[in-house]
Amino acid sequence: MKHVFLTVPLLCAIVLSGFAQQTPPVTTIHNFTVQDCINYAYDHQHDVVNSKLDVTKAEYHIKETIGQGLPQISGSASFQDYVKSPTILFPNFITPAVYGVLATEGVKNGSGNTITVPTGSPQYVQASFTQKYNSALGINANQILFDPNYIVGLQARKTYRQLYERSLTRTKIDANVNVTKAYYQILVSAEALKLLQANIDELKQQLDETMARNKQGFVEKIDVDRLAFQYNSLITNKENTVRLLALNYELLKFQMGMPIEEELTLKDGLEDIKLDATIADPLGDTSVYHNRIEYGLLETQKKLNEYDLKSKKGQFLPKLTANASYAPSYQTNNFSDLYAQTFTSSYIGLNLSVPIFTGFQHSNQVKQSKIEVQKSDNDLYNIKNSIDLEVSKARTTYTNGLQTLNDQRKNRTLAEEILRVSKIKYEQGVGSSIEVTQAQTGVTQADESYIQGLYDALVSKVDLDKAYGRIK
């Protein structure tokens, strides 16, 4: 019994552990409209997140530029222990000078003889001017008083920030377009699945009725086979569409920056999307250029090129800086007395740098910058033509897409009517099963064409909004 009681807690722990391992992880479920998906992408999509980081990085770069004009202060400290002090050779002017004075004055030595300059005196004497222990502290300060490059850098900081903010806007627009198209793809796939299921249900009923009539001897086996062939084809199409629908959901989550394992359902339906022909009307003015972020980016780049040209021209101007230094130093042959006495030096001053001749480097740099400005003008002219072409293409594609979609709707109605009449004729014995089969095939093809036309119209609407710069 003791053994049993000891193993019960262990068994409970094992059982509970097994339940814990089998418990599925909690999955986040999202029910989003298309705008919800777009907003989610603005916060999580990879390229958008990196563009936001670039904006933050640009802010730090601007602060770095501003910091160059603030006082630059640095400190220094040093210590040396001369194991062997450096020695300098000096010409021996001491011996002749000292002994020459003694000889001139007739000074006598201890023996009573007049002192004379000793012969064989060295030509050079060794001297050391360095103490064994040396230490120095220092603080230096520099301040820009006039620097054309720094002034231009300050003037350009707003434009520099604008460049990255507009790059972020362009990235958001791209994310908006990709998410919207992926969202629409799911809606269209769901609609295709709905039509397939309706055709399958109708064909299944027709197949069951035909099989019953075949057993009664009213129809031939080939009529059953024809319907069974169509039914199997529709089942296969449905299974393929289901798998594609699952893949489309994963594509949408990828475009949003959402983890694939999270659940996502869609709030919006096809009925919430307005396909209005009037949105393709030409604007009749040039405001479309300024609505396009690509045009704004090129305008910003041109401003930066103009600032660069201004900076290159500023290289011909002088630069003026102020500087100051305070440096206490210490030296002794006894380490314990190193900091007993201070020898201080300090100064304040100005530095003026005036370019006189730089080998024509600056003039050639100015010419290169002028070319970059000219290229920016060419880019702005070219993008206007590109936007005009894109708008014209998008407008034509959207108009054609609406026309095609309307025709496909009519064709679906006609195909369903042909199938209805064919079935009546077949049931009354005045039509053949081949007519019914062909009519059923026509309905399937009409549905497929309608689905393709629906997707093309939706995508062309997104492209049209992007071409007109309506996506903000």
Side-chain angles (χ1 to χ4, degrees), residues 50-80 134-169 296-330 342-377 379-380:
N50 279 351
S51 292
K52 289 182 178 179
L53 292 176
D54 287 338
V55 172
T56 304
K57 180 181 176 183
E59 290 294 337
Y60 289 130
H61 180 78
I62 292 172
K63 292 179 179 179
E64 175 190 355
T65 302
I66 296 174
Q68 294 174 4
L70 300 179
Q72 309 295 306
I73 302 174
S74 61
S76 62
S78 64
F79 171 79
Q80 295 89 28
N134 291 266
S135 179
L137 303 176
I139 184 169
N140 299 281
N142 291 276
Q143 172 65 55
I144 295 177
L145 299 180
F146 178 76
D147 187 341
N149 288 334
Y150 177 71
I151 295 174
V152 173
L154 291 180
Q155 294 173 344
R157 66 184 186 276
K158 181 179 179 181
T159 305
Y160 183 80
R161 180 190 296 110
Q162 186 183 64
L163 177 67
Y164 283 92
E165 290 175 345
R166 287 183 169 179
S167 295
L168 172 60
T169 301
L297 275 170
L298 288 180
E299 284 184 321
T300 304
Q301 186 59 57
K302 179 185 176 182
K303 289 181 181 179
L304 287 177
N305 289 338
E306 289 172 345
Y307 279 122
D308 182 67
L309 174 60
K310 192 175 181 180
S311 175
K312 293 297 190 299
K313 291 180 178 179
Q315 293 178 351
F316 293 99
L317 300 176
K319 299 178 182 178
L320 180 64
T321 59
N323 54 79
S325 175
Y326 177 81
S329 61
Y330 311 89
T342 304
F343 305 93
T344 303
S345 64
S346 61
Y347 70 84
I348 58 174
L350 296 173
N351 287 332
L352 179 64
S353 175
V354 181
I356 297 176
F357 178 72
T358 59
F360 304 108
Q361 295 181 46
H362 292 168
S363 60
N364 287 316
Q365 290 174 351
V366 169
K367 293 176 181 177
Q368 294 178 62
S369 295
K370 287 182 178 179
I371 291 177
E372 291 299 323
V373 173
Q374 292 175 358
K375 288 172 62 178
S376 296
D377 289 331
D379 291 338
L380 286 171

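Remark: side-chain polar atoms of Glu64 are not paired, donor with acceptor, to backbone N or O of Glu59 under 3.5 angstrom. No donor-acceptor pair under 3.5 Å is formed between the side chain of Ser353 and the backbone N or O of Pro318. The closest donor-acceptor contact from the side chain of Thr300 to the backbone of Gly296 lies under 3.5 Å.
Looking only at side-chain heavy atoms (C-beta outward), Tyr160 and Thr65 stay at 4.5 Å or farther from each other. Ser329 has its side chain out of reach of Asn134: every pair of non-hydrogen atoms, C-beta onward, lies at least 4.5 Å apart. Taking 4.5 Å as the limit, every side-chain heavy atom of Lys370 sits out of range of all side-chain heavy atoms of Lys367. Between Leu350 and Thr321, the closest side-chain pair of non-hydrogen atoms is not below 4.5 Å. A heavy-atom distance below 4.5 Å is not found between the side chains of Lys312 and His362. Residues Phe316 and Pro148 form no side-chain contact, since every pair of their non-hydrogen atoms from C-beta on lies 4.5 Å or further apart. Counting only heavy atoms from C-beta outward, the side chains of Tyr347 and Asn323 approach each other to under 4.5 Å.
Under 3.5 Å, the side chains of Lys310 and Gln155 contain a donor-acceptor pair of N or O atoms. Donor-acceptor pairing under 3.5 Å is recorded for the side chains of Ser369 and Asp308.
For Phe343, there are no ring-ring contact (aromatic ring centres under 6.0 Å, His included) partners at least two apart in sequence or on another chain.
Heavy atoms from other residues, nucleotides or ligands lying under 6.0 Å from CZ of Phe360 number 12 at most. Atom NZ of Lys303 has 12 or fewer neighbouring heavy atoms from other residues, nucleotides or ligands inside a 6.0 Å radius. Around atom CG of Leu352, more than 12 heavy atoms belonging to other residues, nucleotides or ligands sit under 6.0 Å away.
Here CD of Gln72 is found 7.0 Å from CD1 of Ile144. Values are rounded to the nearest 0.5 Å. In this structure, CG on Asp147 lies 8.5 Å from CD on Gln68, to the nearest 0.5 angstrom. Atom CG of Leu380 is separated from atom NZ of Lys375 by 13.5 Å, given to the nearest 0.5 angstrom.
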Worked check of side chain to side chain contact (heavy atoms under 4.5 Å, CB included) between Glu165 and Thr169: CA-CA 6 Å; Glu165 290 175 345; Thr169 301; 5.6 Å; no
Worked check of side chain to side chain contact (heavy atoms under 4.5 Å, CB included) between Ile73 and Asn140: CA-CA 6 Å; Ile73 302 174; Asn140 299 281; over 6 Å; no
Glu299/Lys302 under salt bridge (Lys or Arg N to Asp or Glu O under 4.0 Å): CA gap, chis, key distance, verdict: CA-CA 5 Å; Glu299 284 184 321; Lys302 179 185 176 182; over 6 Å; no
Residue pair Leu154, Arg157: steps toward the side chain to side chain contact (heavy atoms under 4.5 Å, CB included) verdict: CA-CA 5 Å; Leu154 291 180; Arg157 66 184 186 276; 3.4 Å; yes
Candidate pair Asn305 and Gln301, rule side chain to side chain contact (heavy atoms under 4.5 Å, CB included), full reasoning: CA-CA 6 Å; Asn305 289 338; Gln301 186 59 57; 3.3 Å; yes
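Annotation for Leu309 and Val366: closest pair CD1-O, 3.5 Å, computed over non-hydrogen atoms.
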